[in-house]
Amino acid sequence: MGNNQQETRLSLSGRSEEEILRLVLNRRRCNEGEKVIEEEEEQEQVPTHLNTINSSGGFLIVSPDKLSVQYTNVHLHGHDVGVVQANCPAPTKCLVYYFEIYVKNAGAKGQIAIGFTNEHFKMRRQPGWETNSYGYHGDDGLLYRGQGKGENFGPTFTSGDTIGGGINYASQEFFFTKNGKLVGNPYKDVKGPLFPTVAVHSQNEEVNINFGQQRFVFDIEAFAQEERLKQHMSIEKVLLPLNVSHWIVRSYLLHYGYQDTLNSYDMASKSTLPPIAVVQENGFSEHGNMFALNHRKLLRQLIRSGDIDSAFGKLREWYPQIIQNDMSIICFLLHCQKFIELVQVGELEEAVIYARAELAKFFEIASLAGLVQDCIALLAYEEPSKSPVGYLLGMGQREVAADAVNIMVLLEDPQSCTKSHLEMLLRQLTACCLEKRAINGDQGEAFQLQSVVQSS
Amino acid sequence: MSMFRVFISQLAEIDTMSTSKKVITREEWEKKLNDVKIRKEDMNKLVMNFLVTEGYVEAAERFKMESGTEPDIDLATITDRMAVKKAVQCGNVEDAIEKVNDLNPEILDTNPQLFFHLQQQRLIELIRNGKVEEALEFAQEELAPRGEENQSFLEELERTVALLAFEDVSNCPVGELLDISQRLKTASEVNAAILTSQSHEKDPKLPSLLKMLIWAQNQLDEKAAYPRIKDLSTAILEDPAV
């Protein structure tokens with residue numbers, strides 16, 4: 001039994017080290033990067049013109065602006081179709097993709113098609129005739145999906161018509177429009193990446209393509225908006241347990257030791273929450289951790305005010321075991337903070353002495369060396385707050401140190417958890433959305449908490 | 001392994017691929033959870049948004065101090081909004097209407113339905129307090145003309161006046177109008193209208209995110225078995241049923 005306990009204790013301390021390291025490194029990464037965020041949100045390439053290299057050049061002429069095509073031959077058989085794809089596949093990390101064609105001249109037979117094809121498509125065939133290709137054909141109004149035989153779909157189209165082709169990634173469906181109106185039933189079969197594709201196949205057929213450089217005839221924004229609304233409605237239909245948000249907020253305040261906020265919150269909710277909440281409270285009261293709330297609050301206050309000496313003092317008094325090992329990450333973080341505070345008030349000489357005594361030894365720990373270096377680098381600048389390492393001087397860095405101390409104190413209680421319920425729920429939400437997208441072949445809009453929080 | 005057994009095992013593999021869902025073990029899932037980047041700052045903002053939208057003005061002030069999070073609305077406006085809400089909750093509808101107009105007269109001018117619901121609530125309070133004559137006068141002079149503009153207003157008015165026909169309202173078909181929940185409904189409608197007029201969302205973001213979590217888990221259930229969170233209040237991961 002005793003042995004077991006020992007083991008738990010050890011693994012707990014390992015967990016906390018890991019957790020705090022994560023906090024610290026996260027903070028550094030956040031600084032380096034707006035870069036990181038940009039990387040994740042990297043704009044996908046969007047089709048802007050026709051690909052003239054990989055088109056069936058012998059049969060059609062692409063205009064110099066690469067936005068219209070004309071069939072100049074007399075067609076003889078099924079393998080001399082004038083087909084041309086866009087310069088790149090339709091983007092997939094969005095809600096919908098859409099493009100339009102304008103039939104300038106339906107030519108001898110009006111054998112014009114609009115659709116989507118993949119990179120292996122045979123460039124002498126109509127879209128829809130080959131596997132993994134889809135085409136809406138003007139002469140018969142049929143939809144072709146990977147074989148020579150089409151299915152009843154929509155109206156035929158001819159000179160003067162504007163036809164649109166789109167992919168709805170939310171529902172995984174293709175859709176087509178004629179003169180600004182949806183036609184046919186959308187078809188569920190989207191396997192990207194797919195190139196917007198146009199085909200002409202009888203003499204004098206001429207088509208202009210609009211990849212969005214001009215206003216679309218179809219109101220694609222309204223279509224996307226409606227799709228968003230549909231999703232929003234199905235989400236809003238979900239029923240939540242009574243007052244669950246209230247209790248999640250409460251346990252968040254408890255977790256981080258925001259005690260003053262908590263007291264006000266509790267006072268106010270006594271009078272506004274319907275009486276049923278009192279019953280609920282019993283069920284919820286065990287969630288969220290009251291442990292050492294007052295200590296945690298005071299430690300946070302000290303660190304947030306930059307008084308690291310007092311924070312060390314209180315820790316020595318209340319939880320000497322936490323800072324016993326001077327080479328631990330928590331000690332490292334507090335020493336860094338102390339150094340930062342010295343730089344902040346311009347006591348550079350003392351800062352140097354402090355760094356030699358307390359920080360230099362951490363250089364040998366690979367995972368921490370980066371932060372030590374950032375700290376010391378503060379000394380190199382006349383105006384450190386405007387330097388690349390200026391992020392260290394902000395409130396955010398104090399907050400990291402305060403959060404780290406908070407976790408260490410929380411872990412003195414064996415039942416504690418290193419993350420708040422809110423954080424665990426948000427992680428689960430993000431992971432579920434990512435996984436769902438991954439299973440869908442990475443199609444559709446990505447979920448980003450940051451953009452939800454910042455939207456208003 | 002013989003060729004035959006290789007063939008059989010490949011068949012079995014194909015079989016599981018086609019019939020069963022993708023299985024994600026707890027270990028794999030926890031790794032994915034750990035890779036998610038959640039910024040403390042964003043969580044603070046979510047909590048602040050909840051406090052502000054739900055009207056916890058003092059808590060929002062304290063939270064600003066304790067966490068350094070800036071509220072997304074002027075905190076002073078919360079106090080006014082809560083005063084209106086409270087007035088409706090206590091049945092002081094006249095008082096509430098006056099306060100809304102002090103805040104911004106356009107709110108009621110541009111929102112006839114809200115104005116009607118407030119007047120209706122006022123009528124309900126008069127009936128509750130047994131002021132029959134005053135109630136009738138109010139209904140005829142203030143509410144009936146509005147009913148002419150809108151058929152659904154008229155129906156609501158008739159439903160409310162029906163309260164007068166019963167001696168024992170606790171047992172009548174429209175008795176629910178006298179329930180406290182009717183006040184809360186009206187109060188939250190005013191609250192939402194004021195928030196909208198301040199170009200702030202009328203609902204906090206947190207509940208929507210929680211709904212989204214349940215929804216996303218349900219959607220993912222169709223394609224994969226993975227550890228899910230069943231009880232939002234404990235946030236405990238439960239092993240996938242395999």
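Values below: every heavy atom of this structure, side chains too, minus hydrogens, waters and symmetry copies. In what follows, chains carry the letters A, B, and so on, assigned in the order in which the sequence lines appear, proteins first and then strands, with residues in each chain numbered from 1.
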Shortest non-hydrogen contact from [X] toward [Y]:
X	Y	answer
K205(B)	V452(A)	NZ-O, 3.2 Å
M43(B)	S420(A)	SD-OG, 4.3 Å
L429(A)	A216(B)	CD1-CB, 4.3 Å
R427(A)	I38(B)	CG-CG1, 3.9 Å
K223(B)	I439(A)	CD-CG2, 3.5 Å

Rounded distance [0.5 Å steps], [atom1] in [X] versus [atom2] in [Y]:
X	Y	atom1	atom2	result
E58(B)	D260(A)	CD	CG	11.0 Å
K37(B)	T430(A)	NZ	OG1	11.5 Å
L210(B)	S245(A)	CG	OG	5.0 Å

Contact class of [X] relative to chain B, heavy atoms under 4.5 angstrom:
X	answer
L426(A)	both
Y252(A)	side chain
L239(A)	backbone

Write out, in numerical order, the residues from residues 395-408 of chain A with a heavy atom short of 4.5 Å from a heavy atom in chain B.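 Only E399(A), D403(A) of residues 395-408 of chain A have a heavy atom under 4.5 Å from chain B.
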Interface moiety of [X] toward chain A, non-hydrogen atoms closer than 4.5 Å:
X	value
N44(B)	both
P227(B)	backbone
D42(B)	both
N34(B)	both
K40(B)	both
I180(B)	neither
I24(B)	side chain

Evaluate the side-chain proximity of [Y] to [X]: yes if any heavy-atom separation is below 4.5 Å, no if none is.
X	Y	answer
Y265(A)	R62(B)	no
C432(A)	Y226(B)	yes
Y56(B)	H246(A)	yes

Pairing of E435(A) and K22(B) as salt bridge, 4.0 angstrom limit: yes
Counting heavy atoms not belonging to [X], are there more than 12 under 6.0 Å from its [atom1]?
X	atom1	result
E28(B)	CD	yes
E30(B)	CD	yes
K211(B)	NZ	yes

Between L240(A), I248(A), L434(A), which has the largest tally of heavy atom pairs under 4.5 Å with chain B?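 Heavy-atom pairs under 4.5 Å are most numerous for L240(A).
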So which residue, H232(A), Q301(A), Q259(A), K419(A), ends up with the most heavy-atom pairs under 4.5 Å with chain B? Q259(A)
Taking E66(B) for its side chain and T261(A) for its backbone only, find out whether a donor-acceptor pair lies under 3.5 Å.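 Yes, because the side chain of E66(B) sits within donor-acceptor range (under 3.5 Å) of the backbone of T261(A).
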State whether the side chain of H421(A) and the backbone N or O of S233(B) hold a donor-acceptor pair below 3.5 Å, judged by distance alone.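 Yes, the answer is positive, given that a donor and an acceptor are paired below the 3.5 Å cut-off.
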Quick one about W29(B) and Q428(A) (side-chain donor to acceptor, distance below 3.5 Å, no hydrogens or angles considered), yes or no? yes
Just give me the residue among P207(B), S208(B), S67(B), A235(B) that pairs up with chain A most often, heavy atom to heavy atom, under 4.5 Å.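 Between P207(B), S208(B), S67(B), A235(B), the count favours S67(B).
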Closest-packed option against chain A by number of heavy-atom pairs under 4.5 Å, given N218(B), D35(B), I214(B): I214(B)
Indicate the ring-plane relationship of F63(B) and Y258(A), choosing parallel, tilted or perpendicular according to the 30° and 60° boundaries. perpendicular
Could you go step by step and tell me if M212(B) and F447(A) meet the side chain to side chain contact (heavy atoms under 4.5 Å, CB included) rule? CA-CA 11 Å; M212(B) 199 171 165; F447(A) 168 78; 3.4 Å; yes
Could you walk me through whether E236(A) and W215(B) pass the side chain to side chain contact (heavy atoms under 4.5 Å, CB included) check? CA-CA 9 Å; E236(A) 284 303 311; W215(B) 176 83; over 6 Å; no
Could you go step by step and tell me if L206(B) and L422(A) meet the side chain to side chain contact (heavy atoms under 4.5 Å, CB included) rule? CA-CA 9 Å; L206(B) 177 60; L422(A) 178 61; 3.6 Å; yes
